[in-house]
Amino acid sequence: MKTISLDVLRELPVVLPGLATQQAIADTMKRLDEHERLLREQLALTQRIRHDALDGGIVPTP
């Protein structure tokens with residue numbers, strides 16, 4: 001298996017986006033994290049409702 005030495009890696013240029021782009025990416029990631037958290041909360045609530053319904057915890061009103 002071929003390898004790359006650390007010396008070679010140290011010499012490779014790393015191109016980073018501008019600060020504004022980095023901040024936009026960070027903001028988008030924060031919004032996605034919040035969206036995921038809300039979806040997980042919805043899923044947990046749906047699972048609890050389903051479990052209660054199947055367990056007889058929810059009784060329909062006549």
Side-chain angles (χ1 to χ4, degrees):
M1 177 165 76
K2 294 183 180 184
T3 61
I4 299 175
S5 71
L6 289 176
D7 290 333
V8 171
L9 286 176
R10 282 187 193 103
E11 298 298 321
L12 292 175
V14 177
V15 180
L16 297 175
L19 184 57
T21 302
Q22 291 180 43
Q23 289 171 333
I25 292 169
D27 183 54
T28 300
M29 295 303 294
K30 286 179 189 176
R31 289 193 317 234
L32 285 172
D33 286 344
E34 177 64 12
H35 185 67
E36 179 184 8
R37 185 187 67 76
L38 292 172
L39 287 173
R40 288 182 186 276
E41 285 180 7
Q42 286 179 329
L43 176 60
L45 176 61
T46 302
Q47 289 173 332
R48 281 196 308 272
I49 291 170
R50 181 179 182 269
H51 177 266
D52 289 346
L54 293 175
D55 197 31
I58 297 176
V59 179
T61 56

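Predicted model only: the values in this text are computed from it and were never measured.
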Which atom pairs, one a donor and one an acceptor, fall under 3.5 Å between side chains of residues 36-45 and the rest of the protein, sequence neighbours left out?
unit_1 : atom_1 : unit_2 : atom_2 : d
E36    : OE2    : R40    : NE     : 3.1
E36    : OE2    : R40    : NH2    : 2.7
R37    : NE     : E34    : OE1    : 3.1
R37    : NH1    : E41    : OE2    : 2.2
R37    : NH2    : E34    : OE2    : 2.5

> Rest of the hydrophobic cluster containing I25 (Ile/Leu/Val/Met/Phe/Trp/Tyr, side-chain heavy atoms under 4.5 Å)?
Replying inline: M29, L32
>> For T3, give me all partners under side-chain contact (heavy atoms from CB on, under 4.5 Å), at least two apart in sequence or on another chain.
In response: none
Please output the side-chain donor-acceptor pairs of residues 13-23 that fall under 3.5 Å, not counting sequence neighbours, one pair per line with the distance.
unit_1 : atom_1 : unit_2 : atom_2 : d
Q22    : NE2    : P17    : O      : 2.7

> side-chain contact (heavy atoms from CB on, under 4.5 Å) with L12: which residues, sequence neighbours excluded?
Replying inline: L9
> Got a salt bridge between D27 and R31, using NZ or NE/NH1/NH2 to carboxylate O under 4.0 Å?
Replying inline: yes
>> Using every non-hydrogen atom in the two residues, find where R10 and D7 come nearest and quote the distance to one decimal.
In response: NH1-OD1, 2.9 Å
> Mind checking what makes salt bridge (charged side-chain N to carboxylate O under 4.0 Å, His left out) contact with D33, not counting sequence neighbours?
Replying inline: none
